[in-house]
Amino acid sequence: MTKNLVIVESPAKAKTIEGFLGKDYIVKSCFGHIMDLSKKDLGVDIGNDFLPQYIISPEKKKVVNDLKKQAKDADTIWLASDEDREGEAIAWHLLKALDLNEDRTKRIVFHEITKLAITEAVEHPRKIDKNLVNAQQARRVLDRLVGFELSPLLWRKIKPSLSAGRVQSVAVRLIVEREEEIKSFIAVSSYRVQAEFHIIANQKPVTITAELNKRFNVKKDALAFLEKCKTAEFTVEDVETKPARKSPAPPFTTSTLQQEASRKLGFSVSNTMRIAQQLYESGKITYMRTDSVNLSSLALSMAKEEIKKSFGEEYVKTRNFTTRTKGAQEAHEAIRPTYLNKKIIEGDSSQKKLYDLIWKRTIASQMSEAIVEKTNVTIGISNTAEKFVAKGEVIKFDGFLKVYMESKDDDDSDDQEGILPPLTSGEKLVPREIAAQQKYTQHAPRYTEASLVKKLEELGIGRPSTYAPIISTIQKRDYVVREDRQGITREYDLIVLKGGKIREEMKTENTGYEKGKLFPTDIGTLVTSFLVQYFTNILDYNFTANVEEEFDEIAQGKQVWNHMIRDFYTPFHNQVEQTMENSKKVSGEKLLGQDPQSGENVYVKIGRYGPMVQIGVTDSEKKPRFAGLNKGQSIDTISLEEALDLFKLPRTAGSFEADDVIISVGRFGPYIKHKSKFYSLGKNEDPLEVSLERAIEIIGEKRNKEISKTIRVFRENESVRILNGRFGPYISYNSANYKIPKSTKPEDLTLEECMKIIKETEPSKKKTVKRKK
DNA sequence: CAGTGAGCGAGCTTCCGCTTGACTT
């Protein structure tokens, strides 16, 4: 009989801890939350003081039953879920779901997985903190009420299946408003003047680049300035050097890891988390969902050791970072390598890269500051008051920079500050070239997945475990798309003074090119403007921060959780009802123009299935015609001509093998239909232009592919085929697929054997293909 | 997988935060 059962949230953690505790302890995991609000109705009994209707989550039934059995055999049950609001609730749910006796149940917490931390935790058990549990209930109930009252409102007023919530709606709002800001942005230009001076230092020619301390708004002024420069003398007026220090960034949290992996490695947020999970499960890094920048004392001493060994004593400077993040709960350590003396790990290339990043960041965080010397040289111009300024930076001691430097989001800073040669006051300089370049102001950057996470974290919205899911939810709901967009070329002036002559040039640059950025869709924009209009309070960027303060008061026992919920819900529910009654259905309808053929109005709007064009009106005798917008089109930007083009499909390209070849665009893009078979059209094919010849070619290509993937067909029964697919050979029969046992060679199968496999195999439960349409 | 958008109107959709597997044919 086991004396002690310890329950933690993560199975990987369970494995490690079991090693620390010895044979009297068995450690199991509950895989996160085991109970949740019922999904039928609201799951909250409004009339009964907001009593939550908990059920054991269906996918956790097995886990709970297993734990129940283990608990029966144990003398003492140790609830060791994480030390935060959600963890406390998990402990409480375990108590309830496992039907535990409170006298032999103990609650323990630790935020480092070290033997010392765990044995200490076991020595200091406590009771479940009911206040903290109540704070979690308030959080959970509030989210449910907001989500399950706002979403149905959207179904009625905009379109079915839409969703809204405390977190996702604000995330979308950020992207929508950034786009609006960009749309109304007007780039203004000014002329930046740079001079190149050549001097001889240590018998070597060196170029110094200096920038004028003033920009000219108009070309005329830039020209006038260069004209003056023709005859001017340039003198070094001042050389100022001052030392500066640079400090390393704190160790990784989930959010900063996602940002750096995106900037330095180009990983998407979900990719980063998947790889981090693999590293965690194989024991290479600590837990990857954390908001803490704290390192354990063990980690600090390991870092010290490693830095001393690899770089020398003078590079060591251990420090404790404190979090500045709103609402951080710090149940875990920062993300770090488990063993800091392990510089390189086994694994695939992405694992190696991510590990390397984590190792460097962790080590650098415990290294000395870098000492730099900054130099500012002011160069006077004899016939005008403006000055040229040259900036230099010299690293005197590299410190942590030896290992790691954090990247910035805007990496297009073109002022490279290098080393300046020694200059003295009064020294005369001769310019080799002075150039005035027309520079345009930039709009605020669009969000990337990672910079959105950064912003959400700043606002205290979302948690380490939810950043990646938020990003995918708002894309799944079609509120936001992640895309690359082509830029446009723009002309700019370049005026160069060289050899006593001024030359003017018109040059072009590419601007506005976007890679992997988040753009709002028509639906995202419409839903956001609806919610902002009627639920300004919920969509407020500070809403989460404000309710978090109240949750904290509940956790401290200063407020009763369902009172807080009542104070929120009463006006909120009233708002919902008012909106349901008073607001009209919104579709974002816009009149594009008239159809030249019929003279009828052409509208674009959001329909039941998304953005569409409509010719004519519904209440006229003639039925209106409809067409859905294609991918990449927007009701905001589509032209009348493009809209009318959508009605040219489907079209018949001609006849092939006595059947029509029909070309159209469906949910998955443009396609060819022939003999009730579908053939996708590639990116480079225009469905309006594709000829019959090309269509036949595409049909032929697909047929050839089919043949090459066929391993065997039976003449006696052509509906049974052995095919080669993504996951290896399989049997296809009546549009259902069957696995081939590993022991048999697919090419040797007889028809009888195939039929036997088909009969014996349970028709595999069809994956519920419920998709957003 | 692949045009659907009223008319009649069933029954469905939805939140956030904890955790990993299942196993694609």
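Order of the sequence lines sets the chain letters (A, B, ...), proteins ahead of strands, with each chain counted from 1. Computed from a predicted structure; not experimentally measured. These values consider heavy atoms only, across backbone and side chains, with no hydrogens, waters or symmetry-generated copies.
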J.: So A/Asp291 and A/Gln329, do their side chains get closer than 4.5 Å, heavy atoms only?
T.: yes
J.: Give one of base, sugar-phosphate or nothing for A/Val167, where a contact means two heavy atoms less than 4.0 Å apart.
T.: sugar-phosphate
J.: Which part of the nucleic acid, if any, lies within contact of A/Pro11, taking any heavy atom under 4.0 Å across all strands shown: a base, the sugar-phosphate backbone alone, or nothing?
T.: sugar-phosphate
J.: Taking atom C1' in both B/dG9 and B/dG5, compute the distance separating them and give it to the nearest angstrom.
T.: 15 Å
J.: Less than 4.5 Å apart, side chain to side chain, heavy atoms only: is that true for A/Met288 and A/Leu279?
T.: no
J.: Could you please name the option among B/dT19, B/dG5, B/dT14 that lies closest to any side-chain atom of A/Arg608?
T.: B/dG5
J.: Could you state the CD1-P distance from A/Ile470 to B/dG17, rounded to the nearest angstrom?
T.: 6 Å
J.: Classify A/Gly165 by what it touches in the nucleic acid, base, sugar-phosphate, or nothing, heavy-atom distance under 4.0 Å.
T.: sugar-phosphate
J.: By centroid distance (under 5.5 Å) and plane angle (under 30°), are A/Tyr609 and B/dT4 in a stacked arrangement?
T.: yes
J.: Starting at CG of A/Asp143 and ending at C1' of B/dC18, how long is that distance when rounded to a whole Å?
T.: 13 Å
J.: Any side-chain N or O of A/Gln277 under 4.0 Å from OP1/OP2 of B/dT20?
T.: yes
J.: Do the side-chain N or O atoms of A/Ser10 get closer than 4.0 angstrom to the phosphate oxygens (OP1, OP2) of B/dT20?
T.: yes
J.: Does atom CZ of A/Arg156 have more than 12 heavy-atom neighbours, drawn from other residues, nucleotides or ligands, at distances under 6.0 Å?
T.: no
J.: Does NZ belonging to A/Lys675 count more than 12 external heavy atoms closer than 6.0 Å?
T.: yes
J.: Does the ring of A/Phe678 lie flat against the base of B/dC1, closer than 5.5 Å centre to centre with planes under 30°?
T.: no
J.: Choosing from B/dT19, B/dC15, B/dT20, which nucleotide comes nearest the side chain of A/Phe148?
T.: B/dC15
J.: Mind checking if A/Leu162 touches a base, just sugar-phosphate, or nothing, with heavy atoms under 4.0 Å?
T.: sugar-phosphate
J.: Under 4.0 Å, counting only non-hydrogen atoms across every strand here, what does A/Tyr603 touch: a base, just sugar-phosphate, or nothing?
T.: nothing
J.: Measure CD/A/Gln278 against C1'/B/dT20 and give the value in whole Å, please.
T.: 13 Å
J.: From NZ of A/Lys476 over to C1' of B/dT14, roughly how many Å is that when rounded to an integer?
T.: 13 Å
J.: With a cut-off of less than 4.0 Å, is there a side-chain N or O of A/Gln614 near OP1 or OP2 of B/dG5?
T.: no
J.: If only side-chain N and O atoms of A/Arg289 are considered, is one of them under 4.0 Å from the OP1 or OP2 phosphate oxygen of B/dG17?
T.: no
J.: Quick one: label A/Arg144 by what it contacts on the DNA or RNA (base, sugar-phosphate, nothing), any heavy atom closer than 4.0 Å.
T.: base
J.: Can a side chain N or O of A/Ser163 be found less than 4.0 Å away from OP1 or OP2 on B/dC15?
T.: yes
J.: According to side-chain contact (heavy atoms from CB on, under 4.5 Å), who are the partners of A/Lys673, at least two apart in sequence or on a separate chain?
T.: A/Ile662, A/Tyr671, A/Phe678
J.: With DNA chain B as reference, determine whether A/Ser465 or A/Gly147 sits nearer its 5' end, using the nearest nucleotide of each.
T.: A/Gly147
J.: Counting distance only, does the side-chain N/O of A/Ser151 pair as donor-acceptor with the main-chain N or O of A/Phe148 below 3.5 Å?
T.: no
J.: Pick base, sugar-phosphate or nothing for A/Leu646, based on heavy-atom distances below 4.0 Å to the nucleic acid.
T.: base
J.: Hey, does A/Arg139 reach any base, or is it just sugar-phosphate, or nothing, if we go heavy atoms under 4.0 Å?
T.: base
J.: Please tell me if the side chains of A/Leu531 and A/Ser169 come closer than 4.5 Å, counting only heavy atoms from C-beta onward.
T.: yes
J.: Indicate yes or no for a side-chain donor-acceptor contact from A/Asn630 to the backbone of A/Gln633 under 3.5 Å, with no hydrogens or angles considered.
T.: no
J.: Does the side-chain ring of A/Phe31 lie flat on the base of B/dC18, meaning centres under 5.5 Å and planes less than 30 degrees apart?
T.: no
J.: Mind telling me whether A/Tyr54 and A/Trp92 have parallel, tilted or perpendicular rings, with 30° and 60° as the class edges?
T.: perpendicular
J.: Mind checking if A/Glu149 touches a base, just sugar-phosphate, or nothing, with heavy atoms under 4.0 Å?
T.: nothing
J.: Quick one: label A/Ser680 by what it contacts on the DNA or RNA (base, sugar-phosphate, nothing), any heavy atom closer than 4.0 Å.
T.: base
J.: Relative to the 5' end of DNA chain B, which residue comes earlier, A/Pro650 or A/Ser151, by the nucleotide with the nearest heavy atom?
T.: A/Pro650
J.: May I ask you to say what A/Gly43 touches in the nucleic acid, namely base, sugar-phosphate or nothing, with a heavy-atom cut-off under 4.0 Å?
T.: nothing
J.: With A/Arg173 as the cation and A/Tyr541 as the aromatic partner, state whether NZ or CZ is under 6.0 Å from the six-membered ring centre and within 45° of the axis.
T.: yes
J.: Remember a base hit wins even if backbone is also touched, and classify A/Gln168 as base, sugar-phosphate or nothing at under 4.0 Å, heavy atoms.
T.: sugar-phosphate
J.: Which nucleotide wins on minimum distance to the side chain of A/Asp82, given the candidates B/dC16, B/dA2, B/dC18?
T.: B/dC18
J.: Starting from Watson-Crick (N1-N3 plus N6-O4 or O6-N4) and G-U wobble pairs under 3.5 Å, report the runs of at least three that DNA chain B belongs to.
T.: none
J.: CZ of A/Phe572 versus P of B/dC15: gap in Å, rounded?
T.: 14 Å
J.: Please tell me which of the listed nucleotides, B/dG17, B/dC15, B/dT13, lies nearest to the side chain of A/Pro160?
T.: B/dT13
J.: Using only side-chain N and O atoms of A/Thr466, determine if any of them is under 4.0 Å from OP1 or OP2 of B/dG17.
T.: yes
J.: With a 4.0 Å cut-off on heavy atoms, is A/Ala164 in touch with a base, just the backbone sugar-phosphate, or nothing at all?
T.: sugar-phosphate
J.: With sequence neighbours left out, what residues match A/Ser680 under side-chain contact (heavy atoms from CB on, under 4.5 Å)?
T.: none
J.: Please check the phosphate of B/dT14 (OP1 and OP2 only) for any side-chain N or O of A/Arg477 closer than 4.0 Å.
T.: yes
J.: Side-chain N or O of A/Tyr287 versus OP1/OP2 of B/dT19: is the shortest distance under 4.0 Å?
T.: yes
J.: Any side-chain N or O of A/Arg463 less than 4.0 Å from the OP1 or OP2 oxygen of B/dC18?
T.: yes
J.: What is the separation between atom CD1 on A/Ile90 and atom P on B/dC16, rounded to the nearest whole Å?
T.: 18 Å
J.: Nearest whole angstrom, please: distance from the C1' of B/dT13 to the NZ of A/Lys40.
T.: 17 Å
J.: Determine the contact category for A/Lys39: base if any of its heavy atoms lies under 4.0 Å from a base atom, sugar-phosphate if only primed atoms, P, OP1 or OP2 are that close, otherwise nothing.
T.: base
J.: Using whole Å, report how far NZ of A/Lys60 lies from C1' of B/dT20.
T.: 8 Å
